[in-house]
Every structure is written in structure tokens, then in C-alpha cells.
Amino acid sequence: VVDHTPLCRFTVWDFPGDYYGEDEDVFGGSTSLIFVVDAQDEPYDHVLQSFTTVVTRALESNPNVVIEVFINKVDGELFL
């Protein structure tokens, strides 16, 4: 639920997994970047490449951007 009030205003942009931050204008006005990793999507080399590229471009556009990494789907049998 996104609740836009005078005290809490934000916009969520959702990009596909193969997005490498091609549009740097997206990061210029951003204050936060949340990168979601699918824990069951092995091998992780393509994820790490995407993460490195996106974070580098975000920091070049806005050195004060806050970066968070969320790991999704850790509840599978692989992680028990």
C-alpha cells in the first residue's frame, strides 16, 4: 500500500531483472535504491553484474543515494 500524504510522499519504480540502469535520469532525483535479489536464481554472477552496474550509475547520478539490498525467496528447501 502506497499512502501519499503531506508527510510521506514517494514514488516506486519497478524495473525488470535485466535492467542495467540505462536511464540515468531515474537516479538523479532518487533518494533510495532498493535492489532485490532472488535467492533461488542461481548462478548469481549475472545478478552481481547487474547490481554493480546499477549501483555505480546511481552513485554517479546522486552520491547521497541510500542503497538497500533485499533478498527474496530464502524460504525454499535450498536454504533449510
Side-chain angles (χ1 to χ4, degrees):
V1 175
V2 177
D3 187 15
H4 294 284
T5 69
L7 297 175
C8 181
R9 298 183 57 87
F10 62 94
T11 302
V12 175
W13 293 48
D14 185 11
F15 297 101
D18 59 351
Y19 179 75
Y20 290 96
E22 293 90 352
D23 184 8
E24 292 184 18
D25 289 342
V26 171
F27 301 122
S30 300
T31 57
S32 299
L33 168 65
I34 300 172
F35 193 92
V36 180
V37 176
D38 182 347
Q40 298 178 3
D41 190 18
E42 294 185 73
Y44 299 116
D45 55 342
H46 70 283
V47 175
L48 294 174
Q49 177 186 4
S50 176
F51 174 75
T52 303
T53 303
V54 169
V55 168
T56 300
R57 290 186 178 167
L59 288 171
E60 288 172 351
S61 293
N62 180 2
N64 297 318
V65 69
V66 175
I67 299 168
E68 300 286 346
V69 179
F70 292 0
I71 302 175
N72 189 28
K73 299 181 186 173
V74 183
D75 55 346
E77 288 183 26
L78 180 65
F79 300 99
L80 294 177

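Each residue takes its place number in the sequence, starting with 1.
Looking only at side-chain heavy atoms (C-beta outward), Ile67 and Leu59 come within less than 4.5 Å of each other.
Linking Ile, Leu, Val, Met, Phe, Trp and Tyr whenever their side-chain heavy atoms come within less than 4.5 Å leaves Val54 and Ile34 in two separate clusters. Residues Phe51 and Val36 are members of separate hydrophobic clusters, defined by side-chain heavy-atom contacts under 4.5 angstrom among Ile, Leu, Val, Met, Phe, Trp and Tyr.
In this structure, CZ in Phe35 is found 11.0 Å from CD1 in Ile71, a value given to the nearest 0.5 Å.
Between Ala58 and Leu33, the shortest heavy-atom distance links the atoms CB-CD2, 4.1 Å. Between Thr56 and Thr52 the shortest heavy-atom distance is OG1-O, 2.7 Å.
Ser50 contributes no side-chain N or O that, together with a main-chain N or O of His46, makes up a donor-acceptor pair within less than 3.5 Å.
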